[in-house]
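See below for the structure under consideration.
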Protein chains: 2
Amino acid sequence: MVNKTTTQDKILDAAEQLFASTGFADTSLRQITSMAQVNLAAVNYHFGSKKELIQSVLQRYLSVLMPRLDQEFSQLLASQKQNDLTAVLSVFIKPLLELNKVQHHGTRMFLQLLGRGYTDVQGHLRWFFNHHYGRTLDKFVLLVQQACPDLPASEIFWRLHFSLGTVVFTMASNQALQEIAAADFNENVEIEGVIHRLIPYLAAGIASPLTLASQTH
Amino acid sequence: MVNKTTTQDKILDAAEQLFASTGFADTSLRQITSMAQVNLAAVNYHFGSKKELIQSVLQRYLSVLMPRLDQEFSQLLASQKQNDLTAVLSVFIKPLLELNKVQHHGTRMFLQLLGRGYTDVQGHLRWFFNHHYGRTLDKFVLLVQQACPDLPASEIFWRLHFSLGTVVFTMASNQALQEIAAADFNENVEIEGVIHRLIPYLAAGIASPLTLASQTH
DNA sequence: GTACATTTCAAACAAGTGTTTTAATTTAGT
DNA sequence: ACTAAATTAAAACACTTGTTTGAAATGTAC
């Protein structure tokens, strides 16, 4: 037997694709099982419920990505040299692009899914993520604080969430954006190109000087 | 008879609140009509369909906001002086905050709805917006281009969408963010405060210098 | 090959959805 | 006050959703 894909994997692959393009709420189990060419009941048999299927789809990527990120963060924290913001943000690039190895269109799909996960959110995904990977996130925040010693913690909080918005939104609507860019500017940017445009934008925003306005409000 | 609120308004008020907190897809007409204390069929009678109700909820704000913005943009375009980015972005502040006059928690609700509208999007809202307010949007893009003459149009395209992501995401999760900020930093920031933190962040990101990386990808 | 556990399958289930229908009621015009 | 239009009301409709059931099929160990 060559290259036997299990029922679980067929479901995960189909679900991933449909969730990314249609969202979690607007994708039915019947769509998923039909595309995966498995029986409807297989989802509940193998994953328990739709909610657990959603988590499994994300977990397939997160379980690879997050330990890698954690390791990179720890390494940067250990090296005592002064890290600038661009360097800290660039840590994401390699681990993210390596997701293409776990699945065919790994990076793009995963980021799009992550976008969906944060916007469709009813709560359980947010909890799931913080519960499993909160420690890793803390290391990242610490690195940003070290790179921006002049910014108060509250300001960094807001700016990191602003940045999260940029990333999440860009990735959730990545496909549409790339199509527009291709049509309007004859630009064929892969996901890698978007990431490289993103980092200087984010770095400039996060490190922007404190203004009088932002202090008095 | 004093202060008679029509059925339509009762529906709009309830729908607005539920859409903002639960999203469009996850809010049922029965929830809406029950909160509004009107008959279920009233939605289809007065608005035609759920889809049209969603558009009406947004339209109540957009029909006030967009003409005001359009006027401000035209005014800036007419004045021949060199506009810097912060000035262009600041144009949004006053018209946005004036939405509080059309409804009690106007600005916050509207921005949260707008966030939902762009993330839940199945397409019809995006079309609706571009169809009605595309011209106004073009003026804004022109102003940004004038403020950043060194940036190619394609780069501006990407950075404006990055910024859109920040705004949309921040507003969609505005309530949660304010609660966290209040708990962690003893900060009680109103919507106005968030906007004033947002503008320098966005301005710095949009105007960030071109790097080698962003040019070669 | 028999026995046991795992997996697949078709069908039904219970609950929820947006929408339509038909009749009752209220409102407005003359 | 009468008539006609606009609005409200309760009920049913047609459909989709996630989940469960119980029997058939498949795989595995002895």
Side-chain angles (χ1 to χ4, degrees), chain A residues 1-59 113 116-117 120-125 127-128, chain B residues 1-59 113 116-117 120-125 127-128:
Chain A
M1 82 186 59
V2 245
N3 202 4
K4 169 182 179 179
T5 48
T6 70
T7 301
Q8 307 204 28
D9 283 333
K10 285 196 276 187
I11 293 177
L12 285 175
D13 289 344
E16 167 181 309
Q17 198 171 324
L18 289 170
F19 284 155
S21 64
T22 325
F24 299 112
D26 291 331
T27 301
S28 72
L29 294 185
R30 282 168 179 81
Q31 287 177 269
I32 295 172
T33 53
S34 144
M35 169 180 267
Q37 303 202 60
V38 302
N39 189 272
L40 168 63
V43 170
N44 295 67
Y45 177 77
H46 286 288
F47 298 94
S49 66
K50 184 182 181 181
K51 198 180 277 188
E52 290 168 275
L53 172 61
I54 295 175
Q55 295 179 356
S56 298
V57 169
L58 283 173
Q59 185 66 348
L113 280 170
R116 294 280 182 194
D120 282 26
V121 82
Q122 282 107 355
H124 75 101
L125 272 180
W127 182 93
F128 177 80
Chain B
M1 80 187 61
V2 245
N3 203 3
K4 169 181 179 178
T5 49
T6 69
T7 301
Q8 306 204 27
D9 282 334
K10 285 196 277 186
I11 294 177
L12 285 176
D13 288 344
E16 169 182 307
Q17 197 171 326
L18 289 169
F19 284 155
S21 64
T22 325
F24 298 111
D26 291 331
T27 300
S28 71
L29 294 185
R30 281 168 179 80
Q31 287 178 268
I32 295 172
T33 52
S34 144
M35 171 180 267
Q37 304 201 64
V38 302
N39 189 271
L40 168 62
V43 170
N44 296 76
Y45 177 78
H46 286 289
F47 298 95
S49 66
K50 184 182 181 181
K51 198 179 278 188
E52 290 167 277
L53 172 62
I54 295 176
Q55 296 179 355
S56 298
V57 169
L58 284 173
Q59 184 67 347
L113 279 171
R116 293 280 182 195
D120 281 27
V121 81
Q122 282 108 353
H124 75 102
L125 271 180
W127 182 91
F128 177 79

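Lettering of chains follows the sequences in order, A, B, ..., and the numbering in each one begins at 1.
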| task | Could you tell me whether A/Thr27 contacts a base, only the sugar-phosphate backbone, or nothing, with contacts defined as non-hydrogen atoms closer than 4.0 Å? | result | sugar-phosphate

| task | Of all the heavy-atom pairs spanning B/Lys10 and B/Gln37, show the shortest one and how long it is. | result | NZ-O, 4.4 Å

| query | In whole angstroms, how far is the C1' atom of D/dG18 from the CD atom of A/Glu52? | reply | 13 Å

| query | Could you give the CG-to-P distance, from B/Leu29 to D/dA12, as a whole number of Å? | reply | 20 Å

| query | Expressed in angstrom and rounded to an integer, what is the separation of A/Asp26 atom CG from C/dT17 atom P? | reply | 14 Å

| said: Of the options C/dT8, D/dT17, C/dT19, whose atoms approach the side-chain atoms of A/Thr7 most closely? | reply: C/dT8

| query | Reckon B/Ser28 has a side-chain N or O less than 4.0 Å from the OP1 or OP2 of C/dT17? | reply | yes

| query | When the distance from CD1 of B/Ile32 to C1' of C/dT17 is rounded to whole Å, what number comes out? | reply | 12 Å

| request: For the pair B/Gln31 (side chain) and B/Ser28 (backbone), establish whether a donor and an acceptor sit closer than 3.5 Å, ignoring hydrogens and angles. | output: yes

| field | A/Phe24 backbone acceptor or donor facing A/Lys50 side chain under 3.5 Å | value | yes

| field | Separation of D/dT16 P from B/Lys50 NZ (nearest whole Å) | value | 16 Å

| said: Applying side chain to side chain donor-acceptor pair (under 3.5 Å) to A/Gln59 and A/Ser56, what does each step give before you reach the verdict? | reply: CA-CA 5 Å; A/Gln59 185 66 348; A/Ser56 298; over 6 Å; no

| request: Can you see which heavy atom on B/Ile32 is nearest to which on B/Thr27, and at what distance? | output: CG1-CG2, 3.7 Å

| message | Restricting to non-hydrogen atoms, name the atom on B/Asp26 and the atom on A/Ala25 that form the minimum distance, rounded to 0.1 Å. | response | OD1-CB, 4.1 Å

| query | Going by number, which of residues 40-48 of chain A have a non-hydrogen atom under 4.0 Å from DNA chain C? | reply | A/Ala41, A/Tyr45, A/His46

| A/Asn39 CG to C/dC9 C1': how many Å, rounded? | 5 Å

| note | dist A/Leu53:CG -> A/Leu29:CG (nearest 0.5 Å) comes out at 7.0 Å

| field | Value in whole Å for how far the C1' atom of D/dA9 lies from CD1 of B/Ile11 | value | 13 Å

| remark: Assert: residue with more 5' nearest nucleotide on DNA chain C, out of A/Gln37 and A/Arg30, is A/Gln37

| task | Report the distance from atom NZ of A/Lys51 to atom P of D/dG18, rounded to the nearest whole Å. | result | 13 Å

